[in-house]
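The structure under discussion appears below in the form of structure tokens.
In this text the structure is predicted, and so the values were computed from the model without any measurement. Starting from 1, each residue takes its place in the sequence as its number.
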Amino acid sequence: MIFKTADGSMREEIIENMKIGFEEPDSCVRFFFDNKVDLNNCIVCIDDNKIISSLHIIPTKIYGENGPIPVDYIYAATTLPEYRSKGYMSKLIESSNKISYLRGSRASILIPANKGLFNFYNKLGYKTFYKYKKITISNSKMKSFVKKYGISFSSFSFENVFNTYLKNHSNLGDTVWSKSDIEYAFNMNEFLDGINVYTNDGYAICYIQKQNTVKIAEFSTIPSDVYNLLGNIYYRLPNYSFYEIILPTNYNHININGEIFNHGLIKPYTSELKYFIKKISNSTCDPYFSFTLE
């Protein structure tokens, strides 16, 4: 069994494995590889000359007390179905952590694909760190916002999007993505037939879920623009029963109660960062994992 960084000769095999592992169409996986993947950041497990497991460690940062802290985001971790539940992924993650640390990252962060995986990652040294609040708004309520507050339209400026993101997601522990990372997330959503909504002071990444529901995975704007952004979402997507919005836990600019969920985990590599994480976990601050790049 070999654990190593990938090279160009492995590209097609990794793509095929991801299509199988995530049951994703070829076009979706290739969009990721064509627009985001650096194979130097792809770690693979090889057995009998076959890639059986892979993951990507995407460099990013989180806000620390003295500035941004370099971390790696584990993304698209998958194992071929016939090799699952045999310990390959645990060893692959441990290998990726070592590579990540040697490259200068001070922690690993990730989003479990389902609730059952929280315990799996806990056993590998990851601690629950990120949370979010989910609120659900009915169609009639969204329509009432439009009637009460009206809508003002604006021309798109990605510079406004990026500046809004930096301004609104800068609490301790929050992820710090680059402009190109965020642009990729918006482009990926459009590629998957999602709808990106913009105002002069905010943005929202929206896509359609089952049960006639619009999922708003990113919603960010200044307080005075909240209902304008909601109105623009309704204008673009008016015929759905519910609008489900993901927000930081301390977001209170929409007067609707929400439910809090665990979202992501972190594994510190240094004692200094362990102390930082413990300090945040013992406070009222819930770090927010914006832009999971999906």
Side-chain angles (χ1 to χ4, degrees), residues 3-47 50-60 72-86 88-90 92-93 95-96 108-118 120-121 130 132 175 177 180-196 204-218 237 244 246 261 263-265 289-294:
F3 299 93
K4 61 184 293 185
T5 56
D7 59 49
S9 68
M10 302 176 184
R11 176 185 166 99
E12 289 304 314
E13 188 175 359
I14 297 169
I15 287 174
E16 290 303 314
N17 287 5
M18 282 187 62
K19 286 160 56 178
I20 295 169
F22 294 112
E23 299 181 350
E24 292 279 4
D26 182 80
S27 59
C28 181
V29 177
R30 289 191 184 279
F31 184 92
F32 171 54
F33 269 76
D34 291 343
N35 294 279
K36 190 62 188 169
V37 168
D38 177 350
L39 286 175
N40 289 319
N41 296 329
C42 180
I43 317 300
V44 297
C45 172
I46 301 174
D47 200 13
K50 180 179 182 180
I51 297 173
I52 60 174
S53 191
S54 65
L55 59 78
H56 300 262
I57 48 175
I58 298 176
T60 185
D72 279 327
Y73 173 33
I74 289 185
Y75 185 75
T78 186
T79 301
L80 289 173
E82 62 268 31
Y83 292 94
R84 291 174 184 169
S85 302
K86 297 181 180 180
Y88 290 109
M89 182 54 71
S90 296
L92 180 62
I93 289 173
S95 295
S96 76
S108 171
I109 58 176
L110 56 82
I111 304 294
N114 57 63
K115 291 182 180 179
L117 287 174
F118 275 87
F120 169 76
Y121 289 116
Y130 295 99
Y132 68 82
T175 47
W177 293 106
S180 64
D181 290 323
I182 295 175
E183 192 164 6
Y184 168 80
F186 276 86
N187 290 338
M188 170 62 96
N189 188 51
E190 288 188 344
F191 179 77
L192 296 175
D193 296 322
I195 300 293
N196 299 326
I205 290 182
C206 312
Y207 56 90
I208 310 306
Q209 293 191 124
K210 295 180 180 179
Q211 300 176 327
N212 206 32
T213 298
V214 175
K215 173 75 170 285
I216 304 167
E218 297 289 339
L237 296 158
E244 184 181 287
I246 304 302
F261 294 88
H263 190 205
L265 301 100
F289 200 124
S290 56
F291 292 103
T292 57
L293 306 187
E294 297 172 340

**Prompt:** Of all heavy-atom pairs between Phe291 and Ala185, which one has the smallest distance, and what is that distance?
**Reply:** CD2-CB, 3.7 Å
**Asked** Any side-chain heavy atom of Glu12 sitting closer than 4.5 Å to one from Phe33?
**Response** no
**Message:** Determine whether a donor-acceptor pair (N or O, by modelled atom type, separation under 3.5 Å) exists between the side chain of Thr175 and the backbone of Ser290.
**Reply:** yes
**Prompt:** Can you name the nearest heavy-atom pair linking Lys50 to Leu80, along with the distance?
**Reply:** CE-CD1, 3.7 Å
**Item:** Lys/Arg-Asp/Glu bridge criterion (N-O < 4.0 Å) met for Arg30, Asp26
**Value:** yes
**Item:** Over all atoms of both residues, closest heavy-atom pair of Cys28 and Phe191
**Value:** CA-CE2, 3.9 Å
**Request:** State yes or no: are the ring centers of His56 and Tyr73 separated by less than 6.0 Å?
**Result:** no
**Message:** Would you call the rings of Phe261 and Tyr132 parallel, tilted or perpendicular, taking 30° and 60° as the class edges?
**Reply:** parallel
**Request:** Taking the side chain as every heavy atom from C-beta outward, state whether Ile51 and Cys45 have any pair of such atoms under 4.5 Å apart.
**Result:** no
**Request:** Would you confirm whether the ring centroid of Tyr75 sits within less than 6.0 angstrom of the ring centroid of Phe32?
**Result:** yes
**Request:** Measure the CD1-OG1 distance between Ile216 and Thr213 for me, rounded to the nearest 0.5 Å.
**Result:** 10.5 Å
**Fill in**
Between Ile52 and the options Thr78, Asn17, Asp47, the side-chain contact (heavy atoms from CB on, under 4.5 Å) test singles out Asp47
**Message:** In the structure I gave you, are the side-chain heavy atoms of Glu244 and Gln209 within less than 4.5 Å of one another anywhere?
**Reply:** yes
**Fill in**
Between Asn196 and Glu190, the two heavy atoms sitting closest are ND2-CG, 3.1 Å
**Asked** Are side-chain heavy atoms of Ile109 and Asp72 found at a separation under 4.5 Å?
**Response** no
**Request:** Using a 4.5 Å cut-off on heavy atoms from C-beta on, say whether the side chain of Leu265 contacts that of Pro112.
**Result:** yes
**Request:** Look at atom CD of Glu82 and say whether more than 12 heavy atoms of other residues, nucleotides or ligands are closer to it than 6.0 Å.
**Result:** yes
**Chi angles and distances behind the salt bridge (Lys or Arg N to Asp or Glu O under 4.0 Å) call for Arg11, Asp34** = CA-CA 11 Å; Arg11 176 185 166 99; Asp34 291 343; 2.6 Å; yes
**Prompt:** Met89 and Leu55: which non-hydrogen atoms are nearest, and at how many Å?
**Reply:** SD-CD2, 4.2 Å
**Complete:** What one should report as the nearest heavy-atom pair of Tyr184 and Phe31 is CE1-CE2, 3.7 Å
**Prompt:** Distance from Ser180 atom OG to Asn35 atom CG, nearest 0.5 Å?
**Reply:** 11.0 Å
**Request:** Measure the shortest side-chain to side-chain distance between Val29 and Phe22 over non-hydrogen atoms and say whether it is less than 4.5 angstrom.
**Result:** no
**Complete:** Sorted by chain and number, sequence neighbours left out, side chain to side chain contact (heavy atoms under 4.5 Å, CB included) with Glu23 holds for none
**Message:** I'd like to know if the side chain of Ser90 and the backbone of Tyr88 have a donor-acceptor N/O pair within less than 3.5 Å.
**Reply:** no
**Request:** Decide yes or no for Phe186 and Glu218: does some side-chain heavy atom of the first lie under 4.5 Å from some side-chain heavy atom of the second?
**Result:** no
**Item:** From Phe3 atom CZ to Ile93 atom CD1, the distance as rounded to the nearest 0.5 Å
**Value:** 10.5 Å
**Identified side-chain contact (heavy atoms from CB on, under 4.5 Å) counterpart of Ser96 within the set Ile74, Thr5, Val44, Asn41** = Ile74
**Prompt:** Any side-chain heavy atom of Ile46 within less than 4.5 Å of one from Lys4?
**Reply:** yes
**Asked** Nearest 0.5 Å, what's the CD1-OG distance between Ile14 and Ser53?
**Response** 10.5 Å
**Prompt:** Would you say Asn189's side chain and Cys206's backbone share a donor-acceptor pair under 3.5 angstrom?
**Reply:** yes
**Request:** Look up atom CD in Glu183 and atom CG in Asp181, then write down how far apart they are to the nearest 0.5 Å.
**Result:** 10.5 Å
**Asked** Just how far is it from atom CG of Leu110 to atom CD1 of Ile58, taken to the nearest 0.5 Å?
**Response** 12.0 Å
